[in-house]
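Chain letters run A, B, ... following the sequence lines, proteins first, then strands; residues in each count from 1.
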2 protein chains.
Amino acid sequence: MSRKVPAGPEPQYLKVKNFLREGISSGRWVAGDLLPSEAELGGQFELSRMTVNRALRELTQEGLVERVQGVGTFVAQLHRISSTLTVRDVHDEIAERGHQHEARVQLLEKTKATAEQAAEFGLRAGAVLFHSVIVHLENGVAIQCEDRLVNPACAPDYLALDFASTTPTNYLLQVAPLSEARYTIESTLPSDAEAKLLGIARRDPCLVVKRTTYSHGQTVTTVRLTHPGSRYLLQGSFQA
Amino acid sequence: MSRKVPAGPEPQYLKVKNFLREGISSGRWVAGDLLPSEAELGGQFELSRMTVNRALRELTQEGLVERVQGVGTFVAQLHRISSTLTVRDVHDEIAERGHQHEARVQLLEKTKATAEQAAEFGLRAGAVLFHSVIVHLENGVAIQCEDRLVNPACAPDYLALDFASTTPTNYLLQVAPLSEARYTIESTLPSDAEAKLLGIARRDPCLVVKRTTYSHGQTVTTVRLTHPGSRYLLQGSFQA
DNA sequence: GAGTGGTCTAGACCACCTT
DNA sequence: AGGTGGTCTAGACCACTCC
């Protein structure tokens, strides 16, 4: 068992992972099948149990297999195609495509929280919130309208910032370490104001991402990101 | 160092993970900061390096920290809020909400591939494809129109199936082990046919998921899932 | 050369499930 | 009792980076 582990280009645990991945995606094992135990795989590959364990643990986390203590490892039901959807800072996203980003600040003001907003921020109705509306352009074309409410307790100098150079997302992540976020994605029509700002018709469908982020258990900000359906889509992929 | 590791309710590596997570979400360490090395953490917690390594490895995979060999472990830039978006079988999704699912088969036919479709399936133009259109209802309300093309080579008996009892997604996952999938999510208007089938107006925005799945390097199926924007949304969350 | 992370081992103890 | 996975150790060698 004392192999001179070359630790070459491909680690041993990856060989095990690939062996199993291959077996699953080729149909050699199908959903529900019992896979070889750690001991068996360790024998076949001449590896210690810890190394095999790592391979199987990672496959579990990737959702490809399911493990039951005392029973064994099974091929997972792949009834869910899950993948990492990344909601990112617009600036980064545009920059990564090699395009030019421009932000136009349409509004930057203090406002008083409605009862609903106050509840979301854990403040009392009428408390002061910061409110900004910014249109983001990619190579001169409006692709996102960002309508945001900010908790002044988390970012007291929000109104004094220059959003032509930093995005609110970027700034807020710096002043308030992100601990949790919730979002929804839906398809709706833009408001009159949004349609005007984005240069689209009132009846053009939009992809709307609503997001609330928390830090230290406090609500930092809520944002509504409206994207013209004709100019924006989310994409992702899944790999077995 | 020979502690009687109680392996109690909380594993040791989780203690390390939680310690670091807490430090990051509380702002004790901010993006870019250098975290204690494996050796340091091992000393503080009286753990072996392997155990600490596991904690840090998992945090890396969760996107919370970044590691550079020979340099150290740093708090990651949380410029991306990523979470697992799960695109699931409609039936499961509805059943999980405790609601009733009904599938109405609107169309089930052979068709000849257009040049574009043929290219997607790796077949020649005019090759036979199976085509189905099914409307899915949740408690009697149409929430999804599923327009699907299927590669006959992967599911020869597709046309003979009873989709009132099994969904195409479910069936196809069984006959063709999923190896890869790609999808996009966008906001558009429904076609005339879709609007009619979903019982909505032609100008009601829809959330459309397009998905192509592969098995053994073959294209198994392409599907367009159209959801009335007023009745469907995707949601997710992110936890630091 | 000293410090870092990346990997691997050959044991170990435990909890759990099946028999 | 015997097999399974879940965790942990105290070493080890390597590749990499920084000084």
Please tabulate the protein-to-nucleotide N/O contacts below 3.5 Å involving nucleotides 16-19 of chain C, giving atom names and distances.
{"unit_1": "C:dC16", "atom_1": "O4'", "unit_2": "A:Q69", "atom_2": "OE1", "d": "3.0"}

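- Taking for each of B:L35 and A:T51 the nucleotide of DNA chain C with the nearest heavy atom, the 5'-most of the two is the partner of B:L35.
- Distances shorter than 4.0 Å separate some side-chain N or O of A:S37 from OP1 or OP2 on D:dT4.
- One atom, NZ of B:K15, and another, C1' of D:dC8, lie 13 Å apart when rounded to the nearest Å.
- In this structure, B:R57 places its CZ atom 9 Å from P of C:dG6, rounding to the nearest Å.
- A donor-acceptor pair under 3.5 Å is formed between the side chain of A:R231 and the backbone N or O of A:A142.
- Regarding B:E38, its CD atom lies at a distance of 18 Å from the P atom of D:dA15, rounded to whole Å.
- Distances were taken from every side-chain heavy atom of B:M50 (C-beta onward) to each of C:dT4, D:dA10, C:dG5; the shortest belongs to D:dA10.
- We find the CD1-CD distance between A:I94 and A:E102 to be 10.0 Å, quoted to the nearest 0.5 Å.
- B:L20 has its CG atom 11 Å from the P atom of C:dG5, to the nearest Å.
- Screening residues 17-44 of chain B for ring pair (Phe, Tyr, Trp, His ring centres under 6.0 Å) gives B:F19-B:W29, B:F19-B:F45 as the qualifying pairs, with residues at least two apart or on separate chains.
- In this structure, A:R97 places its CZ atom where more than 12 heavy-atom neighbours from other residues, nucleotides or ligands lie under 6.0 Å away.
- We find that CZ of B:R54 is positioned 7 Å from P of D:dC8, with the value rounded to whole Å.
- One interatomic measurement links the two molecules: CD of A:E66 to C1' of D:dG5, which rounds to 14 Å at whole-angstrom precision.
- For A:R67, no side-chain nitrogen or oxygen approaches OP1 or OP2 of D:dT4 to under 4.0 Å.
- Of the candidates D:dC8, D:dT7, C:dT7, C:dT7 carries the atom nearest the B:N53 side chain, counting heavy atoms from C-beta on.
- Candidate nucleotides C:dT4, D:dC8, C:dT7 were compared by shortest atom distance to the side chain of A:P11, and C:dT7 ranks first.
- Checked against salt bridge (Lys or Arg N to Asp or Glu O under 4.0 Å), A:E40 has no partners two or more places apart in sequence or in another chain.
- Look at CD on A:E10: it is 17 Å from C1' on D:dA15, rounded to the nearest Å.
- A:Y183 does not carry A:R211 over the face of its six-membered ring by the limits of under 6.0 Å from the centre and within 45° of the normal.
- Using a 4.0 Å heavy-atom cutoff across all strands shown, A:R49 reaches at least one base atom of the nucleic acid.
- Rounded to whole Å, atom C1' of D:dT4 lies 10 Å from atom CG of A:L34.
- Contact between the side-chain N/O atoms of B:Y13 and the OP1/OP2 oxygens of D:dC8 is not found at any separation under 4.0 Å.
- Atom CG of B:N151 sits about 7.0 Å away from atom CG of B:L129, to the nearest 0.5 Å.
- Between D:dG5 and A:T73, a contact under 4.0 Å exists linking OP1 or OP2 to a side-chain N or O.
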